[in-house]
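Below is one structure, written out as structure tokens, with a few remarks after it.
For reference, positions follow the sequence shown, starting with 1. Because the structure is predicted, anything quoted here is derived from the model rather than measured. Any value given below was found using the heavy atoms of this structure, including those in side chains, with hydrogens, waters and symmetry copies removed.
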Amino acid sequence: MEARIDKWLWAARIFKTRSIAADACKNGRVTINNVNVKPSRPVKVGEVVAVRKPPVTYSFKVLKAIEMRVGAKLLPEIYENVTTPDQYELLEMNRISGFVDRARGTGRPTKKERRSLDAFIEPTFDSFDFDDDWEDEE
């Protein structure tokens with residue numbers, strides 16, 4: 001039995017929508033046996049599908065080729081997660097670091113980021129009193 005890779009990724013709940021799964025295939029983030037695939041490529045039982053969701057590359061061994069979405073409880077029958085532990089360590093390190101990778105120009109800074117930017121641009125002069133230096137000289 002075979003199924004389209006974009007439908008399988010959606011049916012196996014790896015991506016939320018089929019169009020997102022198809023876009024991931026088109027952009028080279030999905031590979032089968034280390035080869036980039038198009039959304040229409042059929043997936044067969046026993047193949048290893050790797051999905052790159054930065055910063056982690058998840059790997060799944062296909063146990064059943066399906067095209068209809070199934071409940072979350074049935075997922076162990078559909079695929080086996082063969083992602084290496086170092087990928088999960090990378091994910092944990094990224095989460096602990098607290099650094100949010102946001103591309104330039106995509107959205108406003110958070111309140112915390114805004115305050116740190118303000119502190120960098122306009123440092124406070126707590127130890128220096130401006131009123132003493134600017135007295136009227138008449």
Side-chain angles (χ1 to χ4, degrees):
M1 188 172 161
E2 295 180 348
R4 286 176 55 116
I5 185 65
D6 61 341
K7 284 186 179 182
W8 185 85
L9 290 169
W10 166 75
R13 298 181 173 264
I14 295 168
F15 287 104
K16 191 171 184 177
T17 65
R18 184 173 161 204
S19 61
I20 294 172
D23 288 341
C25 293
K26 289 175 190 172
N27 294 328
R29 292 193 300 265
V30 177
T31 61
I32 295 178
N33 299 330
N34 298 322
V35 177
N36 286 343
V37 295
K38 293 181 178 179
S40 60
R41 173 155 172 338
V43 64
K44 299 174 186 119
V45 175
E47 291 181 323
V48 176
V49 178
V51 179
R52 189 166 43 88
K53 290 184 178 183
V56 180
T57 301
Y58 297 97
S59 300
F60 306 100
K61 183 176 181 184
V62 179
L63 300 178
K64 194 182 224 183
I66 60 168
E67 289 191 348
M68 295 298 296
R69 199 163 171 101
V70 295
K73 289 183 178 180
L74 299 177
L75 290 181
E77 300 172 11
I78 307 302
Y79 63 80
E80 178 185 350
N81 190 349
V82 292
T83 307
T84 57
D86 63 327
Q87 293 293 322
Y88 287 113
E89 287 178 23
L90 185 64
L91 183 65
E92 185 66 21
M93 292 293 283
N94 197 21
R95 188 185 66 79
I96 289 173
S97 71
F99 176 71
V100 178
D101 186 23
R102 184 171 64 222
R104 180 177 173 83
T106 56
R108 296 166 51 179
T110 62
K111 187 184 281 189
K112 182 178 180 181
E113 292 170 337
R114 180 78 239 163
R115 287 179 180 159
S116 64
L117 281 172
D118 288 342
F120 178 73
I121 294 169
E122 299 174 14
T124 58
F125 297 101
D126 293 336
S127 61
F128 187 73
D129 191 10
F130 283 109
D131 293 337
D132 293 340
D133 290 344
W134 299 101
E135 293 181 5
D136 292 333
E137 296 179 15
E138 290 184 34

Exercise. Roughly how far, to the nearest 0.5 Å, is the CD1 atom of Ile14 from the OH atom of Tyr79?
Worked result: 5.0 Å
Seminar exercise, completed: Here the gap from Trp10 atom CH2 to Lys16 atom NZ, rounded to the nearest 0.5 Å, amounts to 13.5 Å
For this session: Show your reasoning for whether side chain to side chain contact (heavy atoms under 4.5 Å, CB included) applies to Thr31 and Val37.
Result: CA-CA 6 Å; Thr31 61; Val37 295; 6.0 Å; no
For this session: Tell me whether Val56 is reachable from Tyr88 by hopping between hydrophobic residues (I, L, V, M, F, W, Y) whose side-chain heavy atoms are closer than 4.5 Å.
Result: yes
Problem set entry | hydrophobic_cluster_shared for Val45 and Ile32, side chain cutoff 4.5 Å | no
Any sub-3.5 Å donor-acceptor pair from [X]'s side-chain atoms to [Y]'s backbone N or O?
X: Glu80; Y: Phe60; result: no
X: Trp8; Y: Pro42; result: no
X: Glu47; Y: Lys44; result: yes

For this session: Assess whether side chain to side chain contact (heavy atoms under 4.5 Å, CB included) is satisfied between Gln87 and Thr84, documenting all intermediate values.
Result: CA-CA 6 Å; Gln87 293 293 322; Thr84 57; 3.4 Å; yes
For this session: Verify the neighbour count for atom CG of Asn34: are there more than 12 heavy atoms of other residues, nucleotides or ligands below 6.0 Å?
Result: no
Exercise. So does Arg69 have more than 12 non-hydrogen atoms from other groups sitting under 6.0 Å from CZ?
Worked result: yes
Contact summary for [X] and [Y], nearest pair of heavy atoms:
X: Arg52; Y: Thr57; answer: CG-OG1, 3.7 Å
X: Cys25; Y: Leu9; answer: SG-CD1, 4.1 Å
X: Val82; Y: Lys61; answer: CG2-N, 4.1 Å
X: Lys26; Y: Pro39; answer: CG-CG, 3.9 Å
X: Ile78; Y: Ala12; answer: CG2-CB, 4.0 Å
X: Lys53; Y: Phe15; answer: CE-CE2, 3.7 Å

Exercise. So, do Arg114 and Thr110 sit near enough that their side-chain heavy atoms are less than 4.5 Å apart?
Worked result: no
For this session: For a salt bridge (Lys or Arg N to Asp or Glu O under 4.0 Å) with Asp6, tell me which candidate from Arg29, Arg18, Arg41 qualifies.
Result: Arg18
For this session: Please lay out, stage by stage, how Val70 and Leu75 fare under the test side chain to side chain contact (heavy atoms under 4.5 Å, CB included).
Result: CA-CA 7 Å; Val70 295; Leu75 290 181; 4.1 Å; yes
For this session: Assess whether side chain to side chain contact (heavy atoms under 4.5 Å, CB included) is satisfied between Val49 and Val30, documenting all intermediate values.
Result: CA-CA 7 Å; Val49 178; Val30 177; 4.1 Å; yes
